[in-house]
Amino acid sequence: MTDNLTPAPSVPGETGLRYVARVTASMSHEMKNVLAIINENCGLLEDLSFAAKKGAPIEPDRLDRTCRQMAKQIERADSILKTMSRYAHSFDHPEEPVDLHDLCQLVATLAGRLAAMRRITLMVEKPEAPCMVHKHPFALQALLWQCLELAIVAASEGSTLTLIPQAAAVTIAGIDRIEGLNGGMSSLPATITGEGTSPRLTLHLA
Amino acid sequence: MSEKILFIDDEKDFLEVMSERMTARNMKVSTAASAKEGLTIAAEGSFDAVILDLAMPEMNGIEVLKILKEKNPDLEVILLTGHATVKDGIEAMKLGALDLLEKPADINALTEKIRAAQAKKMVIVEKKSEEMVKKIMATKGW
């Protein structure tokens, strides 16, 4: 990590802080769920050991299943922490070339739980050619997060939102209604297209 | 007497292991992986306690608690959550939850809460039976 911790340009302090708070809350909640499952599987091993001491036979298959469960959760925790690390280190460099497909994938992963709570699936479209912008990665994340939060609220439960990286823009398709979008968009460099039929929210990053 | 409990949590792996651990403690366990499924199962059966996750898709634990209590005010509900805020705790208690425990929960603490829920339910059932008997006796003029 570098010592350069200058605030990200073009992201108001409150927006940046809100993004950090929301992501941290969501990820820590996810980690708590993972820990709870590992904790109960450890407890199950204790139960089996206690029963074995009293003469009950231990089934090897049962032990295998518990170990597999713990390994699965550890893998899940590792993936959460890798995402968190990527997100945290995005503040290290003030400005750099940012691949918008990578950016969309990271923000979609960070917002995964938030979307899942509304039974919304997030998808990221892969562009034919890389879409690069030279910006502060943290600033871009905070802006895209804000748009995605608005889109999640404006999408129907059970629907799919698709993030489409383009040259110097990211479009979010799959929104069902534009009510509620306008109010939150005043501070964003974003526009709505296709009102009435299939609204799309485009974040402009030029 | 074994306790009859219902776990409602969207983490299927959590449900699986909790079900096994509680069954080993002589409890009769039902599970539901969504709020909707949980409400259906709760309406169909009689449970000593419902152990409910606070953060779930579709409907959060507080909303589920509200519906459960509306349908059966005597039903004991224990909320489990990854992160409990004071606000959640106060709201849950106001709505009549027995307790709110944080994940990862201590199995002994949870078991004690479930047994306390069953004991509370037994007192309510006995009280209702007594009232019923008194009512019958009064009607018959005994």
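Below, chains carry the letters A, B, ... as their sequence lines are ordered, and counting in each starts from 1. Keep in mind that what you see is a predicted model, and the values were worked out from it rather than measured.
Most heavy-atom pairs under 4.5 Å with chain A, from the set B/Pro57, B/Ala55, B/Ala24, B/Ala105: that is B/Pro57. Contacts with chain B were tallied for A/Gly158, A/Ala36, A/Ala116; A/Ala36 has the most, counting heavy-atom pairs under 4.5 Å. Chain B forms the most heavy-atom pairs under 4.5 Å with one residue out of A/Met31, A/Glu157, A/Gln69, and that residue is A/Gln69.
Checked by atom type and distance alone, the side chain of B/Arg21 pairs as donor or acceptor with a backbone atom of A/Gly43 at under 3.5 Å.
Other residues, nucleotides and ligands place more than 12 heavy atoms under 6.0 Å from the NZ atom of B/Lys69. Taking a 6.0 Å sphere around CE of B/Met93, one finds it holds more than 12 heavy atoms contributed by other residues, nucleotides or ligands. Within 6.0 Å of CD on A/Glu96 lie more than 12 heavy atoms contributed by other residues, nucleotides or ligands. Shown here is B/Lys4, whose NZ atom has more than 12 heavy atoms of other residues, nucleotides or ligands within 6.0 Å.
B/Glu11 pairs with exactly one of A/Lys72, A/Arg76, A/Arg113 by the salt bridge (Lys or Arg N to Asp or Glu O under 4.0 Å) rule, that one being A/Arg76. Residue B/Glu20 forms a side-chain contact (heavy atoms from CB on, under 4.5 Å) with just one option from A/Leu44, A/Thr66, A/Asp47, and that option is A/Leu44.
One distance of note links CD1 of A/Ile38 with CZ of B/Phe14; it measures 12.5 Å at 0.5 Å rounding. Distance check, rounded to the nearest 0.5 Å: CG of B/Leu15 to CD1 of A/Ile37 gives 9.0 Å.
Contact check for A/Glu40 versus B/Ile107: side-chain heavy atoms found under the 4.5 Å cut-off.
At a 4.5 Å heavy-atom cutoff, the contact between B/Asp10 and chain A is made by side-chain atoms alone.
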Begin with the C-alpha distance, continue with both residues' side-chain angles, and end with the deciding distance and a verdict on salt bridge (Lys or Arg N to Asp or Glu O under 4.0 Å) for B/Glu102 and A/Lys32. CA-CA 9 Å; B/Glu102 206 166 316; A/Lys32 280 278 223 172; 2.9 Å; yes

Go through the steps to decide whether B/Asp13 and A/Gln73 satisfy the test side chain to side chain contact (heavy atoms under 4.5 Å, CB included), and finish with yes or no. CA-CA 9 Å; B/Asp13 292 335; A/Gln73 295 306 323; 3.0 Å; yes

